[in-house]
Amino acid sequence: MMVSFDVTDLFTNVPTSETIHIARQELLNDNFLPHRTDMKIDAICLQSTYFQYIKEFYEQTDGLAMGSPLSPILADIFMEDFEERALSFTLVKPSFYRCFVDDIFVIWFHSHEKLPAFSEHLNSIDKRINFTMEIEEQNSLSFLDILINKQARQITTTVYRKPTHMDRYLLFQSYHPTLIKRGIIQSLNKRAETFGIRHPSKQNVK
């Protein structure tokens, strides 16, 4: 069966001290790092995050800051280490396991009765990292922005939109950086190309 796991509020629950240690060890083990940069390994700083809310300033005491360009990279580093520990200390493992930041896609060949135990195992590793689980229904499962279907021992995919999707995107006249607004258009265009969706003007009309 196809199963997906999703971490609840990953960024704000990533332990910064532990993640800095993991990243530092990875950099220390990189023999080619001095050839790529002169930056010192101890220059990583994640513990000085401040924000303002209703004229008051606050300090974020743990977790990764939302919107920081470093946060997705460090979340990936933490999750990679987390997954290595999770899969190393379980006797019953998925036959197929792929992860994109906080979303995990699994193909489970074991019995349905053993699946809750694997979910409990994931949730037992770190008290701050909690997973929700979704099991396929009628041979279909949504994962990220695709809908995965099983048909005659084959897997096919198509675009998936949540029931709450309103076909609304960022207003181009907004004060967001132009790079972000262009990125939305480029992302939608890339998504259409990936799934082979052609513009109506380019289709043959009979």
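- Smallest separation of non-hydrogen atoms from Tyr160 and Ile146: CB-C, 3.4 Å.
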Checklist entry - Can you check side-chain hydrogen bond (donor to acceptor under 3.5 Å, both in side chains) on Asn149 and Ser140, steps first, answer last? => result CA-CA 4 Å; Asn149 301 291; Ser140 296; 2.5 Å; yes
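- Ser71 places a side-chain N or O within 3.5 Å of a backbone atom of Ala65 that can act as its donor or acceptor partner.
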Item to check | Chi angles and distances behind the side-chain contact (heavy atoms from CB on, under 4.5 Å) call for Asp6, Asp102 | outcome: CA-CA 6 Å; Asp6 181 30; Asp102 58 347; 3.8 Å; yes
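- The closest side-chain heavy-atom distance from Asn13 to Asp62 is not below 4.5 Å.
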Item to check | Audit row: Phe5, Thr132, side-chain contact (heavy atoms from CB on, under 4.5 Å) steps and yes/no | outcome: CA-CA 6 Å; Phe5 296 92; Thr132 59; over 6 Å; no
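- Side chain of Thr19 to backbone of Pro15: a donor-acceptor contact under 3.5 angstrom is found.
- In this structure, the side chain of Glu136 engages the main chain of Met2 through a donor-acceptor pair within 3.5 Å.
- Atom-to-atom distance recorded for Ile77:CD1 and Ile20:CD1 is 11.0 Å, nearest 0.5 angstrom.
- Residue-environment remark: CG (Leu91) stays at or below the threshold of 12 foreign heavy atoms within 6.0 Å.
- Interatomic distance, OG of Ser111 versus NZ of Lys114, reported as 5.0 Å (0.5 Å rounding).
- For the pair Val101/Asp76, a side-chain contact is recorded, criterion being any heavy-atom separation below 4.5 Å from C-beta on.
- Transitive grouping of hydrophobic side chains (ILVMFWY, heavy atoms separated by less than 4.5 Å) keeps Leu70 and Leu179 in distinct clusters.
- Contact annotation: the side chain of Glu134 never approaches that of Phe143 to less than 4.5 Å [non-hydrogen atoms, C-beta and beyond].
- The ring pair (Phe, Tyr, Trp, His ring centres under 6.0 Å) analysis of residues 53-86, with sequence neighbours excluded, yields the pairs Phe51-Tyr58, Phe82-Phe131.
- Asn123 places none of its side-chain heavy atoms less than 4.5 Å from the side chain of Phe118.
- Side-chain atoms of His112 and Ile135, non-hydrogen and from C-beta on, do get closer than 4.5 Å to each other.
- Summarising the local packing, CZ of Arg85 is surrounded by more than 12 heavy atoms from other residues, nucleotides or ligands at distances under 6.0 Å.
- The distance from the OG atom of Ser4 to the CG atom of Asp103 is 7.5 Å, given to the nearest 0.5 Å.
- In this structure, Arg98 does not pair ionically with Glu83, as no charged nitrogen and carboxylate oxygen lie closer than 4.0 Å.
- Looking only at side-chain heavy atoms (C-beta outward), Thr16 and Leu64 come within less than 4.5 Å of each other.
- Around the CG atom of Asp38, the shell of radius 6.0 Å holds no more than 12 heavy atoms that belong to other residues, nucleotides or ligands.
- Remark: Ile22 CD1 to Ser17 OG distance equals 11.0 Å, nearest 0.5 Å.
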Checklist entry - Given Met1 and Leu141, is the side-chain contact (heavy atoms from CB on, under 4.5 Å) satisfied, shown in steps? => result CA-CA 10 Å; Met1 74 185 84; Leu141 179 70; over 6 Å; no
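- With a 6.0 Å radius and a threshold of 12 heavy atoms from other residues, nucleotides or ligands, Leu171 has its CG atom above the threshold.
- His110 and Trp108 have perpendicular rings, their planes meeting at more than 60° on a 0 to 90° scale where under 30° would count as parallel.
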Checklist entry - Step by step, would you call Asp30 with Arg36 a salt bridge (Lys or Arg N to Asp or Glu O under 4.0 Å)? => result CA-CA 11 Å; Asp30 186 351; Arg36 299 198 307 270; 2.6 Å; yes
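- Atom OG in Ser124 sits 11.5 Å away from atom CZ in Phe89 (nearest 0.5 Å).
- Here the side chain of Lys181 pairs no donor or acceptor atom with the backbone of Gln173 at under 3.5 angstrom.
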Checklist entry - Could you go step by step and tell me if Ile107 and Phe109 meet the side-chain contact (heavy atoms from CB on, under 4.5 Å) rule? => result CA-CA 7 Å; Ile107 294 181; Phe109 271 99; 3.6 Å; yes
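- Contact check for Lys150 versus Gln138: no side-chain heavy atoms found under the 4.5 Å cut-off.
- The OG1 atom of Thr90 sits 8.5 Å away from the CD1 atom of Ile125 when rounded to the nearest 0.5 Å.
- Residue Leu188 shares its hydrophobic cluster (ILVMFWY side chains chained together at separations under 4.5 Å) with Tyr169, Leu170, Ile180, Ile184.
- Taking both residues in full, the closest heavy atoms of Leu10 and Ala75 are given as CD2-CB, 4.0 Å, listed atom of the first, atom of the second, then distance.
- Residues Leu115 and Met133 are in side-chain contact: their nearest non-hydrogen atoms beyond the backbone lie under 4.5 Å apart.
- Heavy atoms of other residues, nucleotides or ligands lying less than 6.0 angstrom from CZ of Phe96 number more than 12.
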